[in-house]
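Fair warning: this is a prediction, and the values are worked out from it, not measured in the lab. Computation of the quantities below employed the complete heavy-atom set of this structure, encompassing side-chain atoms and omitting hydrogens, waters and symmetry-equivalent molecules.
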Amino acid sequence: MIKILVIDDEIGNRHTDYHQDFVKKYSDPDFQFVFCDGRNENRQYTIQTVLNFVRQNLDADIIILDRVFGDQNQFGVETLGRIRELSPNIPVVMHSSELDSDTRTKCTFFGAAGFLKKGITVEKFREEIFRLVKSK
């Protein structure tokens, strides 16, 4: 079973349609999803909340990180470098609806192992997850 950490303010919130649609669409007997929306107990987005989540799940096989999340879009790429320092052996894949060349360059610089466009097909999602986990 592949343990996938998903860090996304929308997907991490179990009360949103986006979370329910993501789980329904990408559920697979080979995948175990663990979600974090980046909010602390006061419902504020903090990088520390994300890093604590990663620390508690260092047995993960891969991390899917939303490129932009939190109040005022304050995290995402900024958090990528911190996650890579904390868990250098776990590939981090950026998840975004916008994957232009500037975004890819910046994310690659900070250590992104790959990119998943939001709305990716089930087949492509599965293929990318297996490819990245095998390459670690």
Between CG on residue D59 and NZ on residue K3, distance to nearest 0.5 Å: 3.5 Å
Sidechain-backbone polar pair: K118 side chain, D66 backbone, donor-acceptor under 3.5 Å: no
Contacts of F53 that satisfy ring pair (Phe, Tyr, Trp, His ring centres under 6.0 Å) - sequence neighbours left out: none
Interatomic spacing from OG1 in T108 to NZ in K106 - rounded to 0.5 Å: 12.5 Å
Validation row: N57, I63 side chains within 4.5 angstrom (heavy atoms): no
Sub-4.5 Å side-chain heavy-atom contact between R39 and T49: no
Parallel, tilted or perpendicular: ring planes of F130 versus F31, cut at 30 and 60 degrees: tilted
Donor on one side chain, acceptor on other, N52 and Q56, under 3.5 Å: no
F33 and F125 aromatic ring geometry - parallel, tilted or perpendicular at 30°/60° bounds: tilted
Candidate list V23, I64, L5, test side chain to side chain contact (heavy atoms under 4.5 Å, CB included), partner F35, passing option: V23
Value rounded to 0.5 Å, distance of CD in Q32 from CG in D61: 9.0 Å
Distance (rounded to the nearest 0.5 Å) between I62 CD1 and I2 CD1: 8.0 Å
Atom CZ of R84 with >12 non-hydrogen neighbours under 6.0 angstrom: yes
Atom pair CZ/CD of F110 and E85 - distance to nearest 0.5 Å: 10.0 Å
Lys/Arg N to Asp/Glu carboxylate O, R43 vs D37, below 4.0 Å: yes
Test item: V6 and H95 side chains (from C-beta on) under 4.5 Å apart, heavy atoms: no
Rounded distance [0.5 Å steps], CD1 in I129 versus CG in D30: 11.5 Å
Salt bridge present between E128 and R131 (N-O < 4.0 angstrom): yes
